2 protein chains.
Amino acid sequence: MTKGKKKNTTIRDVAKKAGVSVASVSRYINQNAPLSTSISIKIQAAMTELNFVPHIMARRLATNKTNTIGLLVADLYGDFFPPMFHGIESVTGEAGFDLLISSSARTGPRTEFPSSLGPHNTDGMLVFWDSLSEAGLHQAYERDFPIVLIHQSPPDKMSIPCVTVENKAASRRIVEHLMEAHGRRRIVFLRGPDHNEDSYWRETGYRQALEMRGIPFDAELVAPGEFDRAVAEQSIRNLLSRGIVFDAVFACDDESAAGVYSALYAAGRTIPNDVAVVGFDDQRFSAYINPPLTTVRAHTEDVGRIAARQLLQIIHDGTADSLTLVPTEIVFRQSCGCNP
Amino acid sequence: MTKGKKKNTTIRDVAKKAGVSVASVSRYINQNAPLSTSISIKIQAAMTELNFVPHIMARRLATNKTNTIGLLVADLYGDFFPPMFHGIESVTGEAGFDLLISSSARTGPRTEFPSSLGPHNTDGMLVFWDSLSEAGLHQAYERDFPIVLIHQSPPDKMSIPCVTVENKAASRRIVEHLMEAHGRRRIVFLRGPDHNEDSYWRETGYRQALEMRGIPFDAELVAPGEFDRAVAEQSIRNLLSRGIVFDAVFACDDESAAGVYSALYAAGRTIPNDVAVVGFDDQRFSAYINPPLTTVRAHTEDVGRIAARQLLQIIHDGTADSLTLVPTEIVFRQSCGCNP
DNA sequence: CTGTTAGCGCCTTCAT
DNA sequence: ATGAAGGCGCTAACAG
């Protein structure tokens, strides 16, 4: 195969070979203007013969539309990402949009609006929690660049649409379940990372449940979980060694619930007899763990799908719901004391 | 905020405001030519004042380089994707490349080379197993467009670099372990999907282990697993109901191993006493399942990292290793009979 | 060091 | 229905 100066074959080459004007070829490609059949056939022939592929960058320059949406994500370890991505991809793909992904795992939350995802490069952007700093968001907001936030509500004064899961009610209900169905009274809450909104609302639900049963909130019963197995394990160990009494724990997510299991087993406590434990997220391992974990299922794929739809809608007509809460449901397994 | 005809602010606007030429602005942006400090300062001032963002599409048109690499993936459910993606992103991000992702989950393996990921739009492409048909691959190959295959070796006559995990030796060793350490002789093998190469090599390893111990291959002992929990479960049920005797099963992946557990438990068999079971992949739940699953760990993040490096290298100087096998290691837990 | 200018490949009025 | 021509925003010679 001779290489040589691989000259790009352009719309012009096609036009020449087909004996028509470039405008006609363009029209043929875009199917956006009447065109005689005879000419269409010639163009098609020329295109296949020349193995022509339109240069999308050129098209984008000319039309000033990118037809791609950006995805800014912090860290994509963990189980949440694949379904979320799947949801997003299913709607953007359907709509003919490409997906440009950028992770800020290496760099930490971006303080600058990433220029490769911003205006000129994408038509809009999906921003996950913790992936873009407030300053970065502000930049985008100022230029009213289409954005929708995922699992993060907009900072003050910016009204940016947001889609996330229903945290509070489900948390309240699962804690109530611990109290009502299983008679637990001393319930530990394991927090997520500081400033994480999911964690905040889950804690709020926890407190509400307590309040509704007239049980005073006890600060000793809340400890860091950080969405991290090891941190959660250590927290429970500390509680235990300090002799703090508890008969249940509501872990802010399943990951930390797994840490709770380890600490409890190491201390010779049984689940759920000695202490019931429940989590949040319904990760894949949660059904396999022993005993199977009672937890809250978040429909992450729906979150992705809805967020993508919102963004496309903004791009299309500028409108969107300012907040959409995707429903969650409790999955009752055995770690709370059910289904013995 | 008045909108009006939001005219894009261009390099030209910056040049005018700074009182310099567009070339200087371009040079300033790209830092690729000497420039006096005084002029640099003026340009910087103008840029921030105008809130200027370079139009990357225009730049790409002009340079004929996209600085993005495409990622073609079939389905991204399951645990393998996040670490793989993480590996890829870490090297492409480091190198300043964007990532354009396209899933073929909606459409099935693409028969056409996806034009939005091909030449003109990306500098190269990472192709996962089952995401692009042979015809599509051929198209790319003909134009010698940089590609590296992941978990899939190239079809005949095309020499496209490929990176995947070491399947055969690990499979042989894990089956040998079943025989030598735990005295198993009647070992079931649960296949993956037809034509899946990982499955093929794992089966090959299984057969080799048998052969080395002089145990004849028994076709009755191999059944479909399909990398699917339910399918695997059904296969084991069938074996059981047909009265076929076995004392171990090597599931082609952990997902199907989970199905094996269910079928075995339902039939009142114990693991590993009645039948030992081992898997492949070391998914997250495998450590949590009861009993913890002995399996083969694939370093998926490394696969991603290496594949990305290979691709970058092809793009850079046209060279690459035709095949790289990422090492795997056996993780001994309890389902094989170890660590009782 | 800095400015001028001709494209990159395509789209899109505006005529015809 | 079709063609001609002027950009889209930026880069890269080529002069100076």
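Chain A is the first sequence line, chain B the second, and so forth, proteins listed ahead of strands; every chain is numbered from 1. These numbers were taken from a predicted model, which means no experiment stands behind them.
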Presence of [X] side-chain N/O under 4.0 Å of [N] phosphate oxygens OP1/OP2:
X: A:T63; N: D:dC8; answer: no
X: B:S21; N: C:dG3; answer: yes
X: A:S26; N: C:dC11; answer: yes

Looking at every strand, decide which applies to [X] at a 4.0 Å heavy-atom threshold: base, sugar-phosphate, or nothing.
X: A:Y28; answer: nothing
X: A:V20; answer: sugar-phosphate
X: A:I29; answer: nothing

**Complete:** Residue pair A:P54/B:R27 against DNA chain C: nearer the 5' end by closest nucleotide is B:R27

**Request:** Using heavy atoms to find the nearest nucleotide of DNA chain C for A:L61 and B:S36 separately, return the residue whose nucleotide is more 5′.
**Result:** B:S36

Using whole Å, what does the distance between atom [atom2] of nucleotide [N] and atom [atom1] of [X] come to?
X: B:N121; N: C:dC8; atom1: CG; atom2: C1'; answer: 14 Å
X: A:M57; N: D:dT11; atom1: CE; atom2: C1'; answer: 16 Å
X: A:I11; N: D:dG3; atom1: CD1; atom2: P; answer: 12 Å
X: A:Q31; N: D:dT2; atom1: CD; atom2: C1'; answer: 16 Å
X: A:N30; N: C:dT13; atom1: CG; atom2: P; answer: 12 Å
X: B:I56; N: D:dG9; atom1: CD1; atom2: C1'; answer: 12 Å
X: B:K65; N: C:dG9; atom1: NZ; atom2: P; answer: 15 Å
X: B:I43; N: C:dG3; atom1: CD1; atom2: C1'; answer: 12 Å

**Asked** Any donor-acceptor pair under 3.5 Å joining the side chain of A:R60 to the base of C:dG9?
**Response** no

Does [X] reach the side chain of [Y], with side-chain heavy atoms less than 4.5 Å apart?
X: B:Y28; Y: B:Q44; answer: yes
X: A:F97; Y: A:L312; answer: yes
X: B:T9; Y: B:N51; answer: no

Nearest-neighbour nucleotide for the [X] side chain, [options] considered:
X: B:A62; options: C:dC11, C:dG7, C:dT2; answer: C:dG7
X: B:N32; options: D:dA12, D:dT2, C:dC10; answer: D:dA12
X: A:H55; options: D:dA12, D:dC14, C:dC10; answer: C:dC10
X: B:A23; options: D:dA1, C:dG3, C:dG9; answer: C:dG3

**Request:** Starting at CG of B:N64, measure out to CZ of B:R60 and round the result to the nearest 0.5 Å.
**Result:** 12.0 Å

**Prompt:** Is there a donor-acceptor contact under 3.5 Å linking the side chains of B:R59 and B:N67?
**Reply:** no

**Message:** Please tell me whether A:T319 and A:Q313 have a donor and an acceptor in their side chains that are separated by less than 3.5 angstrom.
**Reply:** yes

**Fill in**
Result for 5'-nearest mapping on DNA chain D, choosing between A:V22 and A:T37, is A:T37

